[in-house]
Each structure stands twice: as C-alpha cells, then as structure tokens.
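These numbers come from a predicted model, not from an experiment. Below, chains carry the letters A, B, ... as their sequence lines are ordered, and counting in each starts from 1.
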Protein chains: 2
Amino acid sequence: MLTVTSVNVNGLRAAARKGYLPWLAGSAADAVCLQEVRAEEDQLPDEVRAPAGWHAVYAPAAARGRAGVALLTRQEPEAVRVGFGEPEFESSGRYLEADLPGVTLASLYLPSGQAGTPKQDEKERFMAAFLPYLTALRHRAAAAGREVLICGDWNIAHQEADLRNWRANRTSSGFLPEERAWLTRVLAPACGYADVVRGLHPDQDGPYTWWSYRGRAFDNDTGWRIDYHIATPGLAARALKAEVERAPSHPERWSDHAPVTVTYAPAI
Amino acid sequence: MLTVTSVNVNGLRAAARKGYLPWLAGSAADAVCLQEVRAEEDQLPDEVRAPAGWHAVYAPAAARGRAGVALLTRQEPEAVRVGFGEPEFESSGRYLEADLPGVTLASLYLPSGQAGTPKQDEKERFMAAFLPYLTALRHRAAAAGREVLICGDWNIAHQEADLRNWRANRTSSGFLPEERAWLTRVLAPACGYADVVRGLHPDQDGPYTWWSYRGRAFDNDTGWRIDYHIATPGLAARALKAEVERAPSHPERWSDHAPVTVTYAPAI
DNA sequence: CCTACTAAG
DNA sequence: CTTATTAGG
C-alpha cells in the first residue's frame with residue numbers, strides 16, 4: 001500500500017505556527033509532497049525541516065521567501081532530482097522528484113499567473129517546457145519499471161466542475177481555455193497521464209483544494225480544484241481512495257490549500 | 001486647568017488594534033501629542049483619525065509608513081504649523097505645532113540615530129537646526145503672550161537617572177555625551193526651557209517612558225526616559241502633577257512607549 | 001486576506 | 001521583537 005499526500009503549505013514557517021506539525025504527526029502517509037515552502041532549509045527549525053521518522057528533501061527557490069517544493073518520505077529515496085531540465089526554472093523551487101520503490105514521485109508547484117501580464121507568459125513558458133518533459137519522464141520511468149506520480153499545485157482548474165464560479169472565471173488565470181487545453185493534453189494518450197482524484201470521483205463538483213483567503217471564500221466554499229495527483233495509468237488504476245482534508249474552520253486551517261491524499265494498492 | 005499627554009504610538013493603526021481607542025476614551029487630557037503615527041490620514045478609519053470629541057491635525061512623513069506626528073485637542077486650535085523651517089525636515093513627519101489659548105503646543109519626534117552611522121548624522125543635523133528654532137519660538141511666543149510646550153519623543157536620555165543601564169549605554173545613540181550636552185543646552189537659560197517631569201520628580205530614577213520590544217526589557221523595567229514635556233519656565237512652574245502610564249502587562253500595552261501626562265494649573 | 005521580504009526602530 | 005513597506009499569491 002502507498003499513501004501519498006500533496007499540500008501547498010503557503011509558507012512552511014507560517015504553517016508550522018498554525019498546526020502543520022500536529023497534522024503531520026497524525027498522517028498515515030508514506031510520502032508527503034509540499035509546495036510553497038517559502039524558506040531555505042536553514043531557516044526552518046529541525047523538527048519542521050525533518051520531522052522525526054521522515055526523510056526530507058527540499059528544492060528552494062533562488063529568490064528568498066518564494067515558491068519552494070519538498071518531499072517527505074518515510075523511506076529514504078533511491079535518488080532525488082531537482083528541476084526538469086529547463087534552465088529558466090531550474091532554481092525556481094517548482095519541481096523536485098524522487099525515486100521510490102516502483103514509483104517516481106514528484107512535487108510540482110506550477111507558477112501562478114495573471115491574465116495579460118508577464119506572469120501569465122512565465123506560466124505558459126513553464127507549461128510549454130513541462131509537457132514534453134512529462135512525456136519523456138513517462139518513457140524513462142517505464143523503461144526502469146517505474147510508475148510516475150506528479151503531485152502538487154498545478155494552478156489550473158481543468159473542467160467546469162473543478163471550480164465554484166466557472167462562468168465568472170473564464171478569463172481568469174487558472175481557468176483560461178489554453179490552460180485547460182494544456183491539462184487536457186497532459187491527460188491525453190500522447191502524454192499519457194491520469195487525473196487520479198477525478199478518476200475516483202467522476203461525477204461530483206470538486207473536491208476543491210484551494211480557497212482564497214480574500215473575502216469569505218472558504219466559508220462559502222468558493223473553491224478551486226488546482227491540486228492534483230497526476231499519475232501514469234498503471235498507478236492510477238491502483239488508486240483505492242482519495243481524500244481532500246477541507247479543514248472545518250479557522251484554528252484547524254493552516255494553509256489556504258487542503259491536503260489531497262490518495263491511497264494506492266500495491267503493484268501485483 | 002490644562003492636561004496634556006504625549007505618547008509615541010509606534011504605528012497608530014497597530015495601536016488602534018491593541019487598545020489605543022479605549023485608552024483615549026478614558027483620557028481626561030485636553031490635548032494629546034502623538035508620535036510615530038506611521039500612516040496617512042486616509043489610511044486611518046474615521047474613528048481613529050478623528051475620534052468623537054477631538055480635533056485632530058496630522059503631519060505625516062513623505063515616506064509612507066514612517067514617522068508622522070499629530071495633535072488631538074478638545075478645542076480647535078487657533079493656528080496650526082507643520083515643520084520648523086529647516087528644509088531637510090519639513091516633510092519628515094517630525095514636528096507639528098498648534099496655538100491654543102495661552103500656549104503653543106508642539107508634537108516632536110526627534111530622529112533616532114545609531115552611533116557612527118549616517119542615521120546619527122541626520123539626528124545631529126536635526127538637533128543643530130532645532131535648537132535655534134526653540135529659542136526663536138520662545139521669543140515669538142512670549143511676544144504673543146503665550147507659553148510653549150514641546151511634547152514628544154526626543155530620543156535622548158538626559159542624565160544617568162534617565163535610563164536603567166547608563167554605564168553600558170555611554171556609546172549608544174540616545175545617551176551619547178553630545179546628545180546629553182545638547183539637551184542640557186535646551187534646558188539652559190540661553191534657550192530657556194524646563195524638563196517638566198524631572199522638575200516634579202527630581203530625585204527618582206526615570207520615570208522611564210520607553211522599553212525596547214527586544215528581549216525582556218519591559219518585564220525587567222530596562223527602560224529609558226526619552227519622552228518629555230519641555231516647557232517655558234512660566235508654564236513649567238504651573239505643573240501640578242505628572243504621570244507615566246507604564247501599562248502593567250501585555251494586553252494593555254499598545255506601544256513600546258508609555259503615555260506621559262502632565263496637568264498644568266491655569267495661568268493667574 | 002495572507003506570507004514572505006526589507007527598512008526602521 | 002515590532003511596526004511599517006513591497007511583491008506575490
């Protein structure tokens with residue numbers, strides 16, 4: 001059995017002040033993918049950086065306090081790689097992968113954009129470079145007998161069911177037609193991945209994974225599903241159960257994103 | 001009777017979040033001199049900017065979020081003037097004066113320095129320009145039949161009794177020999193002012209008016225007396241009572257400085 | 001609204 | 001340690 005959680009922590013130091021460690025202590029996951037760590041390892045207290053019982057690897061951004069991804073695993077990874085080969089994003093704290101027995105697991109924090117601004121151009125450059133990497137990764141992993149699981153904040157809601165107000169957001173970054181089409185390509189046979197949580201829950205709205213801190217988005221459940229488990233079909237077929245931990249209210253809420261946990265059956 | 005309070009609020013917006021307004025509502029002062037407002041008037045909610053029953057005038061710094069002095073008076077001032085004529089400091093949010101019946105009242109926030117740095121040079125330029133202004137102000141006010149009261153954060157402890165650790169601070173900005181000598185000149189006959197609170201309490205340590213937020217300065221009473229009522233002798237002679245409101249503990253403490261209140265008897 | 005940064009105190 | 005700023009989300 002393999003249980004993997006993905007969560008954008010929106011600043012690991014802030015999350016640690018608000019309840020991240022008790023949450024982690026109660027986790028039954030074998031691996032946790034973190035995004036928006038927003039800290040260097042030496043800015044983190046030891047018990048946050050590498051909690052007892054976990055192996056931790058970090059890929060911080062060159063810009064202090066920005067982005068940053070990490071992987072926590074109960075077993076030490078066989079190999080760890082930072083970045084996906086595109087020079088612009090090698091030190092951007094957005095991609096980290098590790099080889100675990102039978103699975104290459106990645107933590108991804110795709111750039112957020114803003115329509116009509118250079119931020120959107122950067123997001124689209126990332127997407128353009130990342131898609132061929134995903135294809136290559138699938139082939140490489142298959143040759144090594146591994147499945148692939150890319151967990152993280154993809155910053156795109158795929159379909160109308162993936163956000164509360166899809167009509168109002170057709171021109172918002174995160175639900176632009178070109179972004180949705182790109183995610184469709186990731187999930188098409190040529191690239192060859194599957195949206196694990198949607199596969200388990202094909203007919204429901206959401207489950208949303210992010211609610212803006214602005215306004216009353218969380219209380220009104222005005223959310224977006226932008227955090228995904230994106231897996232090769234062989235692994236996706238083994239998904240038994242998915243859970244999005246929408247915290248009930250503020251004291252328990254230590255990020256604007258909710259942890260997304262999937263349990264995968266062992267390979268036969 | 002004239003009761004005047006001086007207090008460095010260390011950010012009026014933060015102070016308002018922590019209890020400034022209830023404190024003001026309980027005040028029996030006729031005038032309150034504020035320093036380190038650190039906001040423009042349009043950044044303040046109405047009830048903070050001009051609380052009911054008060055006339056408020058502000059002199060913000062040109063640099064957003066820095067310095068800024070204000071005067072609250074129960075009666076509308078006869079005249080209000082910003083700055084003291086030195087171009088470098090006209091828009092620095094450090095000096096504001098108002099004519100009240102029989103008294104010119106000023107709110108002063110003298111720059112803080114750091115020994116051996118350009119900040120100290122700036123502080124000393126301010127001091128050099130302000131001393132002749134004080135002399136001129138006294139003469140001008142006398143000719144108009146007014147006393148003068150300069151309240152505020154002078155950022156200088158005058159004597160050994162005015163700070164807890166005077167020996168350790170002989171090379172610290174705020175207790176440098178040249179700063180102490182400058183304050184002595186303000187209080188000498190040629191300039192002609194009096195230190196009202198020291199006049200009422202000649203033989204005690206302090207009363208301190210500021211405790212650093214760093215370390216346990218407040219709990220240990222490691223304070224400095226740097227907030228003063230500096231008055232012309234005729235007004236100083238009318239001082240009946242001085243109080244420094246050292247808040248007992250954190251929930252009641254809405255600034256790192258304590259309000260300094262003096263009640264002056266009516267002119268005969 | 002929230003988390004970082006940096007400057008200032 | 002605390003207040004602001006700014007950029008980013």
Participant: Side chain of A/Asn10, heavy atoms from C-beta onward: which of C/dT3, C/dC1, D/dT3 has the nearest atom to it?
Facilitator: C/dT3
Participant: Please state how far atom CZ in B/Arg94 lies from atom P in C/dA8, giving the value in whole angstrom units.
Facilitator: 11 Å
Participant: For A/Ala39, is there any backbone N or O sitting under 3.5 Å from a side-chain donor or acceptor partner on A/Tyr58?
Facilitator: no
Participant: For residues 110-127 of chain B, which residue pairs pass the salt bridge (charged side-chain N to carboxylate O under 4.0 Å, His left out) check, not counting sequence neighbours?
Facilitator: B/Glu88-B/Arg125, B/Lys119-B/Glu122, B/Lys123-B/Glu179
Participant: Counting only side-chain N and O atoms of A/Lys18, is one of them less than 4.0 Å from OP1 or OP2 of C/dT3?
Facilitator: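 Yes, A/Lys18 has a side-chain N/O under 4.0 Å of OP1/OP2 on C/dT3.
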Participant: What I want to check is whether the side chains of A/Ser6 and A/Gln35 have a donor and an acceptor closer together than 3.5 Å.
Facilitator: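 There is such a pair (donor and acceptor under 3.5 Å, judged by atom type) between the side chains of A/Ser6 and A/Gln35.
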Participant: More 5' along DNA chain C: A/Arg216 or A/Gly11, using each one's nearest nucleotide?
Facilitator: A/Arg216
Participant: What integer distance in Å separates A/Trp211:CH2 from C/dC2:C1'?
Facilitator: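 Atom-to-atom, A/Trp211 to C/dC2, this comes out as 16 Å.
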Participant: Is a side-chain N or O of B/Ser107 found less than 3.5 angstrom from the main chain of B/Leu34, in a donor-acceptor match?
Facilitator: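 Confirmed, B/Ser107 side chain pairs with B/Leu34 backbone.
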Participant: Check this for me, if you would: do A/Arg225 and A/Asp195 make a salt bridge, where the nitrogen-to-carboxylate-oxygen distance has to be below 4.0 angstrom?
Facilitator: yes
Participant: Does any N or O in the side chain of B/Glu243 come within less than 3.5 Å of the main-chain N or O of B/Val260, such that one atom is a donor and the other an acceptor?
Facilitator: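 No, the answer is negative, given that no donor and acceptor are paired below the 3.5 Å cut-off.
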Participant: D/dA4 P sits how many Å from B/Glu40 CD, rounded?
Facilitator: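 Rounding to the nearest Å, CD of B/Glu40 and P of D/dA4 are 13 Å apart.
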Participant: For DNA chain C, please output the secondary structure as dot-bracket, reading 5' to 3'. Pairs are Watson-Crick or G-U wobble, both atom distances under 3.5 Å; mark crossing pairs with [ ], other-strand partners with |, unpaired with a dot.
Facilitator: ||||.||||
Participant: Reckon A/Ser212 has a side-chain N or O less than 4.0 Å from the OP1 or OP2 of C/dC1?
Facilitator: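 A/Ser212 to C/dC1 OP1/OP2: no side-chain N or O under 4.0 Å.
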Participant: Taking the side chain as everything from C-beta on, heavy atoms only, tell me whether B/Glu86 gets closer than 4.5 Å to B/Tyr133.
Facilitator: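 Counting from C-beta outward, B/Glu86 and B/Tyr133 never come under 4.5 Å.
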Participant: What is the distance from CG of B/Asn8 to P of D/dA4, rounded to the nearest Å?
Facilitator: 12 Å
Participant: Given atom CG of A/Leu44 and atom C1' of C/dA4, what is their separation to the nearest angstrom?
Facilitator: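 Between C1' of C/dA4 and CG of A/Leu44: 13 Å.
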Participant: Which of the following nucleotides, D/dT2, C/dA4, D/dA4, is nearest to the side chain of A/Ala14?
Facilitator: C/dA4
Participant: With rounding to the nearest 0.5 Å, note down the distance linking OH in B/Tyr228 to CG in B/Asn155.
Facilitator: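 Answer rounded to 0.5 Å: 10.0 Å.
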Participant: Going by heavy atoms in the side chains, are A/Leu21 and A/Val48 under 4.5 Å from each other?
Facilitator: yes
Participant: Checking contacts here: which listed nucleotide (D/dG9, C/dG9, D/dT3) is nearest the side-chain heavy atoms of A/Arg214?
Facilitator: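 Side chain of A/Arg214 sits closest to D/dG9.
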Participant: Could you state the atom-to-atom distance from CD1 of B/Ile156 to P of C/dG9 in whole Å?
Facilitator: 15 Å
Participant: Below 4.0 angstrom, which residues in residues 61-70 of chain B have at least one non-hydrogen atom near DNA chain D?
Facilitator: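 Contacting residues: B/Arg64, B/Gly65.
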Participant: How close or far is atom C1' of D/dT2 from atom CZ of B/Arg38, stated in whole angstroms?
Facilitator: 8 Å
Participant: Hey, does the side chain of B/Arg17 come within less than 4.0 Å of D/dA4's phosphate (OP1/OP2), counting only N and O?
Facilitator: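 For D/dA4, OP1 or OP2 has a side-chain N or O of B/Arg17 closer than 4.0 Å.
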Participant: Does a side-chain N or O from A/Gln43 land closer than 4.0 Å to OP1 or OP2 of C/dC5, or not?
Facilitator: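 Checking A/Gln43 against C/dC5: at least one side-chain N or O falls below 4.0 Å of OP1 or OP2.
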Participant: What's the CH2-P distance between B/Trp224 and C/dG9, to the nearest Å?
Facilitator: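 Those two atoms, CH2 and P, are 15 Å apart.
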Participant: If you draw a 6.0 Å radius around CZ in B/Arg185, do more than 12 non-hydrogen atoms from other residues or ligands fall strictly inside?
Facilitator: no
Participant: From C/dC5, D/dG9, D/dC1, pick the nucleotide closest to the side chain of A/Arg13?
Facilitator: C/dC5
Participant: Within the structure, does a side-chain N or O atom of B/Lys119 lie under 4.0 Å from either OP1 or OP2 of C/dA7?
Facilitator: no
